[in-house]
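Convention: sequence-line order gives letters A, B, ...; per-chain numbering from 1.
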Protein chains: 2
Amino acid sequence: IAKEVAKLLEMKAQLGTDEGKHKFVLKTPKGTRDFGPKEMAIRERAFRAIISCFKRHGAEVIDTPVFELKETLTGKYGEDSKLIYDLKDQGGELLSLRYDLTVPFARYLAMNKITNIKRYHIAKVYRRDNPAMTRGRYREFYQCDFDIAGQFDPMIPDAECLKIVHEILSDLQLGDFVIKVNDRRILDGMFAVCGVPDSKFRTICSSVDKLDKVPWEEVRSEMVGEKGLSPEAADRIGEYVQLHGGLDLIEQLLQDPKLSQNKVAKEGLGDMKLLFEYLTLFGITGKISFDLSLARGLDYYTGVIFEAVLLQQENEHLEEPGSVGSVAGGGRYDGLVGMFDAKGRKVPCVGVSIGIERIFSILERRLEASEEKIRTTETQVLVASAQKKLLEERLRLISELWDAGIKAEMLYKKNPKLLNQLQYCEETGIPLVAIVGEQELKDGVVKLRIVATREEVNVRRESLVEEIRIRTSQC
Amino acid sequence: IAKEVAKLLEMKAQLGTDEGKHKFVLKTPKGTRDFGPKEMAIRERAFRAIISCFKRHGAEVIDTPVFELKETLTGKYGEDSKLIYDLKDQGGELLSLRYDLTVPFARYLAMNKITNIKRYHIAKVYRRDNPAMTRGRYREFYQCDFDIAGQFDPMIPDAECLKIVHEILSDLQLGDFVIKVNDRRILDGMFAVCGVPDSKFRTICSSVDKLDKVPWEEVRSEMVGEKGLSPEAADRIGEYVQLHGGLDLIEQLLQDPKLSQNKVAKEGLGDMKLLFEYLTLFGITGKISFDLSLARGLDYYTGVIFEAVLLQQENEHLEEPGSVGSVAGGGRYDGLVGMFDAKGRKVPCVGVSIGIERIFSILERRLEASEEKIRTTETQVLVASAQKKLLEERLRLISELWDAGIKAEMLYKKNPKLLNQLQYCEETGIPLVAIVGEQELKDGVVKLRIVATREEVNVRRESLVEEIRIRTSQC
């Protein structure tokens, strides 16, 4: 005891000398967070589902640097450009952190003169936005992008993007969802026939984009009051944007006396019809809604646009209704690559981005509620000893196991108590314990304990690896 | 033809109008690079080997943000701090890109009051260094870190770190290697007994660190000339740092009349002996060299340090001899976490960092030399048609395959030629083609073609999924 007390006093003395020296603010930057082992286990589960879907569709994978030349990002995001993180000018090039994966992808295609690729890219992007972390809105967040670039027959790649969203959301079992679809050409044609002047297309489009959050009356008064649209034009838009449906609605609009006279709207509607035919063959129209109110913010879309929304579950009582929302979105952007090409050569592209942070929040919340215990390691066996002075034997055995590809751990103590070793297995979910003792060493066996049942069997040392493999194959 | 020519002229006209508009510099920032599908395939191979080793040793995984508060990184890297990337002050917190994964790990431990964890972390770090990209030196590069934090019995976790380096380098088959080991306490003791004043320990240490690149005579003249060390002290150091060996050398130094009188050196040597005993049990001492010239740059090491070096292969004729070098390194840093704790509470840590970019360069160079064709997708089957007007049938079949978990692709054309479809398989390495034709549809079968042998068999539609699984299970 005296020795222990002396040790403690010495430790306290050490602490004392350092006390008060350190006045760090111990935090991660605003809008960011660490992922601990539990969060990582959830994150990897979601990634696995997404990556396996992307690979099922034959995608290659690429990666680009986290920062780009500042000028690469300039003029791509409209008003949102103010949210870009710039690096300090420390001499040399001016750099910015990437804002999405689409612009770096377009830069990559133009730089390498690639006219044909199907790729995915999973990486963090950065936006100096107002974070709302409980709702899964961060300043550093992952995007999982799948894009098809190349000149192809109409709507076949577009349909595949929607199939992918459908597969991923079904696979992740996030509850009921709907994928809203529209087309920039239908929107533009609609604005034209409603009497919106060309110069106001973009700003009226961004008013329409708010319809998923605010009622029509508010959007209308913004259009008329703030944006100077005539009340008649606004009312005509109001009639259109309340429409949503399927093939029937497309047929109806193709007969619409005004819309059918507009060239771009007609093109868009024709392609939308084709898209729905393909989606019917994929058997997924049940979750697709052609929705004239879907506008999407980004400047670079030129054709089909879409957005997947989770529907509020009847049995889920969420405190914040706002926490349910868009979990995937995308569309066609045929002009972006051309912006990077000296000769403006275009590479048509269509793609989808999965909003994984929102999905993480949902999965995390669900896991907490379920009280399911999630394992954060894959360890199959703990190498333990029942008596003292067996460290060397444990080291020898664990080394054999590692070399045979078995996932094994041991406590980093010379003489750990058996109880502590068993407790460690309970806490971390290790299913097996390989116990070495003097008798076992003499007999050339190892005692294998099954943690769940407390059953113990002696296994010949040379059969141990095989025995562990068999007993953990279903784990 | 006339129609095609008209189309081409229209396309040319489109190009013409945009010409000359875009004057972007199309490049990635200095010292960074894109990873295309081929590079990613190599990268993922290496990651797989490393991650499976980390998991075999029971490690959890964490992730931290790419940037930290600037003050978190301040005072951790000594002179190298000038290489840190800062973000521009756009209002709010001052931020810097992480320089390594060790300091964020220590911040994470202190912030969450974690005193006990075994984790790995694979992520990009950033250094405004002089890039030498052909030798695998970049400004943005991956580190693969494995660390054990906690108060444990001596040298058990340290030995495991060395076992991990041994496993990974063996597994990646990078050729012969040696892991040099030393201890900061042995170095400090050695400097003391050689007559180096305390204030010069650090700077003399960094001279010693150069011994792997420049001959002793140069290092000596730097010590005496630039750093003002007495010639006698330098010569005494010179005798020690030429020593390397195994247990024998440790025993010899434990008997060394001067070194054995120095308290820290003796402690270090005692632990080194223990380490070698454990490494003997692991059966890896053949590739370990206790090397008194190993110093390592970073300030925060307090005990064991190590570095793995690839040895020049006799059959390899490398143009740049400098391209072979350190591929992993690490050591014990018992004080770093305490720097973040308000009360200076220490958490002892030991860890290893795998220098994956160098390994990528080696694997890339080797792959190029071997002319091995590397697949960049995992697609099992191409859904094809032999006649026109079968797009709908292809869409229906591919959808069935995707829903059954088969990795399948099709060409995005309404009426692709069979030859083009087969060629696509040859180019991309897809092993199977599922061909639908009118006769097959009538008979309720699909023609399955094995690309390698050109063999074709009719498979009943309901057995197709199973047949594809069996035929690709060995891929």
Side-chain angles (χ1 to χ4, degrees), chain A residues 15 18-19 22 24-26 28-30 32 34-37 40 55-56 58 60-67 69 85-88 90 92-93 95 108 110-111 124 140 152-153 156-157 278 281-283 339-345 376-379 392 395-396 399 402 407 409 412-414, chain B residues 15 18-19 21-22 24-26 28-30 32 34-37 40 55-56 58 60-67 69 85-88 92-93 95 108 110-111 124 128 140 152-153 156-157 278 281-283 339-340 342-345 376-379 392 395-396 399 402 407 409 412-414:
Chain A
L15 293 180
D18 286 323
E19 206 158 27
H22 312 285
F24 291 106
V25 184
L26 263 185
T28 61
K30 184 178 176 189
T32 69
D34 294 321
F35 282 80
M40 285 298 278
K55 286 190 172 172
R56 193 157 59 238
E60 304 182 280
V61 57
I62 72 159
D63 192 22
T64 64
V66 80
F67 41 58
L69 298 185
Y85 278 98
D86 291 328
L87 269 75
K88 191 168 151 184
Q90 294 170 290
E93 299 161 335
L95 307 175
Y108 171 78
M111 184 173 138
K124 290 174 175 176
E140 172 185 62
F152 301 116
D153 280 326
I156 312 178
Y278 296 160
L281 293 167
F282 287 162
M339 289 176 73
F340 287 106
D341 189 274
K343 295 191 173 164
R345 277 170 295 213
T376 54
T377 70
E378 298 176 8
T379 309
E392 299 201 348
L395 288 171
R396 207 182 307 239
S399 180
W402 285 331
K407 294 167 190 149
E409 284 185 73
Y412 302 122
K413 294 215 153 226
K414 272 172 91 162
Chain B
L15 293 179
D18 287 322
E19 205 157 29
K21 260 197 201 168
H22 311 285
F24 291 106
V25 184
L26 264 185
T28 61
K30 185 178 175 188
T32 69
D34 294 320
F35 282 80
M40 286 299 279
K55 286 191 171 171
R56 193 158 59 237
E60 304 182 281
V61 58
I62 72 159
D63 192 22
T64 64
V66 80
F67 41 59
L69 297 184
Y85 277 98
D86 291 328
L87 269 74
K88 190 168 151 184
E93 300 161 335
L95 307 174
Y108 171 79
M111 184 174 138
K124 290 173 175 178
R128 294 180 53 256
E140 172 185 62
F152 301 116
D153 280 327
I156 312 179
Y278 296 160
L281 293 166
F282 288 161
M339 289 176 73
F340 288 106
K343 295 188 174 167
R345 278 170 295 212
T376 55
T377 70
E378 297 175 9
T379 309
E392 298 201 349
L395 288 171
R396 208 183 307 245
S399 180
W402 284 332
K407 294 168 191 147
E409 283 185 74
Y412 301 121
K413 294 217 154 225
K414 272 172 91 164

Find out whether B:Pro37 and A:Val61 are in side-chain contact, i.e. whether some heavy atom of one side chain is under 4.5 Å from a heavy atom of the other. no
Do A:Glu93 and B:Val25 make a side-chain contact, defined as non-hydrogen atoms from C-beta onward lying under 4.5 Å apart? no
Closest heavy-atom pair and its distance - A:Gln90, B:Arg128: O-NH2, 2.8 Å
For a quick test of reading the model, state the closest non-hydrogen atom pair linking B:Lys55 to A:Glu378 and the distance between them. NZ-OE2, 3.0 Å
May I ask you to name which of [options] has the most heavy-atom pairs under 4.5 Å with chain A?
options	result
B:Gly58, B:Gly36, B:Pro65	B:Pro65
B:Phe282, B:Tyr108, B:Phe35, B:Tyr412	B:Tyr412
B:Phe152, B:Tyr278, B:Trp402	B:Trp402

Could you tell me which portion of B:Leu395 (side chain, backbone, both or neither) has an atom closer than 4.5 angstrom to a non-hydrogen atom of chain A? both
Judged by atom type as modelled, is there a donor-acceptor pair below 3.5 Å linking the side chain of A:Asp153 to the main-chain atoms of B:Lys414? yes
Under 3.5 Å, is there a donor-acceptor pair between the side chain of B:Glu392 and the main chain of A:Leu281? no
What residue in [options] has the most heavy-atom pairs under 4.5 Å with chain B?
options	result
A:Asp86, A:Thr64, A:Thr379, A:Thr28	A:Asp86
A:Thr377, A:Ile156, A:Asp63	A:Asp63
A:Ala110, A:Pro157, A:Gly92, A:Gly283	A:Pro157
A:Val66, A:Leu69, A:Asp34, A:Leu95	A:Asp34

Chain B contact via A:Lys124 - side chain, backbone, both or neither, heavy atoms under 4.5 Å: side chain
Please report the interatomic distance CZ(B:Arg56) to NZ(A:Lys407), rounded to the nearest 0.5 Å. 9.0 Å
In terms of ring plane angle, is the pair B:Tyr85 and A:Phe67 parallel, tilted or perpendicular, where the classes change at 30° and 60°? tilted
